[in-house]
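One structure is given below, encoded as structure tokens.
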Number of protein chains: 2
Amino acid sequence: MNDTGNQARFAQGQDADKPLTRIQKLNRSKILEAALEVFSAHGFRGSTLDQIASEAGLSKPNLLYYFPSKEAIHAELMAGLLDIWLAPLRAMKPDGEPRAEIMSYMRRKLEMSREMPRESRLFANEMLQGAPRMEDELGHDLKTLVDANAQVIRGWIDAGKLAPVDPHHLIFSIWALTQHYADFEVQVRAVLGPDTDPFEGAGQFLDMLFGRLLAP
Amino acid sequence: MNDTGNQARFAQGQDADKPLTRIQKLNRSKILEAALEVFSAHGFRGSTLDQIASEAGLSKPNLLYYFPSKEAIHAELMAGLLDIWLAPLRAMKPDGEPRAEIMSYMRRKLEMSREMPRESRLFANEMLQGAPRMEDELGHDLKTLVDANAQVIRGWIDAGKLAPVDPHHLIFSIWALTQHYADFEVQVRAVLGPDTDPFEGAGQFLDMLFGRLLAP
DNA sequence: GTTCACTCTGACCGACTGGTCAAATCGCTA
DNA sequence: TAGCGATTTGACCAGTCGGTCAGAGTGAAC
């Protein structure tokens, strides 16, 4: 709001525009990596700048040299997250083979739960709290994208290439089933025991589940 | 540890044993209700005693007259939660009709997501953080109960009354699909729009999904 | 209506948290 | 290698948080 004032000087080198220095790139990415680790494990309010700073190997004032506030770090993390998260959905091709498209969407999503459990939990944390920091993107970007894909799926069903299932709930079911293995990992591991790889069994089970569900 | 000392006097009337007074019963339940509301929405660290006190219509010191600490309130809430949460699983009858038993377990679980979304989110919050406050119950009570039911399901499959699916992942899928509608309610509503009841469509969709999955 | 345990509260405390700042240090370039 | 902006830090601050405490208020049994 004001910048005539006193503290408006959290320089990031990018006062004017873009040219990030080597050190800036390095430290910003260190901070975001550390923030992902901490935020995903403890939620926004449950995380402290000291934790993030320590995880990143920097001092707290140094964090605040690169980001103006705790909120800003979290926001930057969130900004990219929804895109990453929805990328597999964007990759679904309307002119592909319907069952294959949906199956491979599901598999990509499961793979993301395996490879990026922290991102999954960060996202889940935000949803659980009612998504106070991404309402806009949710109501617009997300809905638009999902509706578009739901239309495509509906087309497939009308053409008789897919069992008649509600497209929205089909998409929800893919989200729920794949993200569960990242978000509730402790629970899954507690049940399966420490020597079982949850994702192995999950892959086979979900193949069978969606195979049977989608048969026309 | 010590009780000779100074502060060992957070009387609750139940110093000796049981007899809770009328006021105690009332206020303890007010506090637990308020704590459920607040903890489920903001997580443990994200919630403050002031929020809970205000929600309960009591003063903060008065909260601490009934419970020795914030932790204790949360613990009391958690204590009952796992039992409530697993009750439907306990209700599954080994000598019932296999598909009907599983379908009605699923429906009961979905009903719980509809009727007790706060409990669901409280549970989800705890899982996301790695369940630091209920590791014991998870590793023992939960595993035992789930394994028992998995055995029953395996028996049904061996008897040819059920499609051959991994029992553990079948149970996980029921958890994931039903709890998703409570835990990610904002997301679901953002996609479906404000005028649609998510649980209506969910009920139909899940009936079809598990119907197709379990056909022998 | 006195009594005594139960209930409640305002004032307070030490620890922690997000954030600031002046000054020190670093590292690139001319 | 001198200079100057980029980077880093110790000390500090105001607000919040969980929790304590001495004492005031309350209600039911006698």
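All of these numbers come straight from a predicted model, not from anything done at the bench.
As rounded to whole Å, 8 Å separates atom P of dT7(D) from atom CG of Asn27(A). Distance Leu63(A) CG to dT7(D) P: 15 Å, rounded to the nearest Å. Between the P atom of dA11(C) and the CG atom of Leu64(B) lies a distance of 18 Å, rounded to the nearest Å. The nearest whole Å value for the distance from the CG atom in Leu58(A) to the C1' atom in dT7(D) is 11 Å. Atom CD1 of Ile31(A) is separated from atom C1' of dG19(C) by 15 Å (rounded to the nearest Å).
Side-chain atoms of Pro61(B) lie closest to dT20(D) of the nucleotides dT20(D), dT7(C), dT9(D). For Ser59(A), counting side-chain heavy atoms from C-beta on, the closest listed nucleotide (dC17(D), dT8(D), dT9(D)) is dT9(D). In the set dT7(C), dG19(D), dC17(D), the nucleotide with an atom closest to the side chain of Arg45(A) is dC17(D). Looking at the side chain of Thr21(A), the nearest of the listed nucleotides dG19(D), dT7(D), dC8(C) is dT7(D). With dT7(D), dG18(D), dG18(C) as the choices, the nucleotide that has an atom nearest any side-chain atom of Ile23(A) turns out to be dT7(D).
The aromatic rings of Phe172(B) and Tyr181(A) lie perpendicular to each other, with more than 60° between the two planes, well past the 30° mark.
The residues Arg114(A) and Glu200(A) are annotated as not salt-bridged, no charged nitrogen and carboxylate oxygen being separated by less than 4.0 angstrom.
Dashed line: the shortest gap from a side-chain N or O of Asn62(B) to OP1 or OP2 of dT9(C) is under 4.0 Å.
Contact of Lys70(A) with dG19(C) (side chain to base): no donor-acceptor pair of N or O atoms is detected under 3.5 Å.
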TODO: Give the C-alpha distance, both sets of side-chain angles, the deciding distance and a yes or no for side chain to side chain contact (heavy atoms under 4.5 Å, CB included) between Glu119(A) and Leu36(A).
DONE: CA-CA 7 Å; Glu119(A) 282 85 348; Leu36(A) 174 60; 3.3 Å; yes
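When each of Gly57(A) and Ser47(B) is assigned the nucleotide of DNA chain D bearing its nearest heavy atom, the one mapping closer to the 5' terminus is Gly57(A).
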